[in-house]
Amino acid sequence: MYECGENVSLVDTLVKIGTERLGVSTSEVDDLKLHLENNVGAKDVMKEIQTGRRRYQIQGVPFFVIGAVDGETSLGQPYGFSGAQDSSTFVDIFEELAGNLA
């Protein structure tokens, strides 16, 4: 629940991150707060979670899905793996996927 010492489960923290780091304008703050406080989009998030569980057999976090795309077109099967990974795992996958783009 904490990222860089901030409790990201709190609406005010998320709004602060949005304005300070993600470019949310002050004119958008009220809409963002309303969106977060009323769980707008929660059904869409749950739908994506269910899709991930079905498509990639996701059962825990962290879970990574990495694939190569060219515009809107997927280039081969994406890689899916769970658990903390050594950086070399990502490098190996990125290098293999880069080979698919060549």
Side-chain angles (χ1 to χ4, degrees):
M1 289 187 19
Y2 289 86
E3 178 68 27
C4 298
E6 300 276 353
N7 185 343
V8 294
S9 69
L10 301 175
V11 168
D12 288 336
T13 301
L14 293 172
V15 170
K16 178 182 170 189
I17 291 168
T19 56
E20 291 178 1
R21 300 183 198 166
L22 302 176
V24 173
S25 69
T26 54
S27 65
E28 298 172 303
V29 167
D30 288 338
D31 287 339
L32 177 57
K33 278 187 176 182
L34 190 64
H35 184 90
L36 293 169
E37 290 170 344
N38 291 301
N39 290 320
V40 175
K43 287 182 183 178
D44 293 332
V45 170
M46 291 306 296
K47 184 179 173 183
E48 289 292 321
I49 290 170
Q50 294 303 323
T51 298
R53 286 180 176 158
R54 236 182 2 267
R55 184 176 294 160
Y56 303 109
Q57 291 80 45
I58 297 173
Q59 297 179 10
V61 294
F63 192 91
F64 304 93
V65 177
I66 301 174
V69 294
D70 183 8
E72 299 281 326
T73 306
S74 177
L75 302 175
Q77 271 301 86
Y79 290 87
F81 51 96
S82 64
Q85 301 290 324
D86 186 76
S87 59
S88 64
T89 301
F90 290 96
V91 171
D92 291 344
I93 291 171
F94 294 147
E95 286 175 348
E96 186 170 329
L97 291 172
N100 292 344
L101 297 174

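Considering all non-hydrogen atoms of both residues, Ser82 and Phe63 come closest at CB-CD1, 3.4 Å. When every heavy atom of Pro78 is checked against every heavy atom of Val65, the shortest pair comes out as CB-CG1, 3.9 Å. Considering every non-hydrogen atom in both Ala84 and Pro62, the closest pair reads N-CG, 4.1 Å.
With hydrophobic clusters built from ILVMFWY side chains whose heavy atoms lie under 4.5 angstrom apart, Val8 shares a cluster with Val11. Under a hydrophobic-cluster definition in which Ile, Leu, Val, Met, Phe, Trp and Tyr are linked whenever side-chain heavy atoms come within less than 4.5 Å, directly or via other members, Val29 and Leu36 are assigned to the same cluster. A chain of hydrophobic side-chain contacts below 4.5 Å, direct or via other Ile, Leu, Val, Met, Phe, Trp or Tyr residues, connects Val24 to Leu14.
Residues Lys33 and Asp12 meet the side-chain proximity criterion, which asks for heavy atoms closer than 4.5 Å. Residues Asp30 and Leu34 have side chains not in contact (no heavy-atom distance under 4.5 Å, counting atoms from C-beta outward). Between Glu28 and Leu32 the shortest side-chain heavy-atom distance does not fall below 4.5 Å. Counting only heavy atoms from C-beta outward, the side chains of Ile93 and Phe81 approach each other to under 4.5 Å. Residues Tyr79 and Phe90 are not in side-chain contact: their nearest non-hydrogen atoms beyond the backbone lie 4.5 Å or more apart. Side-chain contact between Ile17 and Leu22 is present, with heavy atoms from C-beta onward closer than 4.5 Å. At a threshold of 4.5 Å between non-hydrogen side-chain atoms, the residues Val45 and Glu48 do not count as touching. By the 4.5 Å heavy-atom criterion applied to side chains, His35 and Asp31 are not counted as neighbours.
The structure places OG1 of Thr51 at 9.5 Å from CD1 of Ile58, a figure rounded to the nearest 0.5 Å. From Ile49, atom CD1 reaches atom CG of Asp44 across 11.0 Å, with rounding to the nearest 0.5 Å.
With hydrogens and angles ignored, the 3.5 Å screen pairs no side-chain donor or acceptor of Asn38 with any backbone N or O of Val40.
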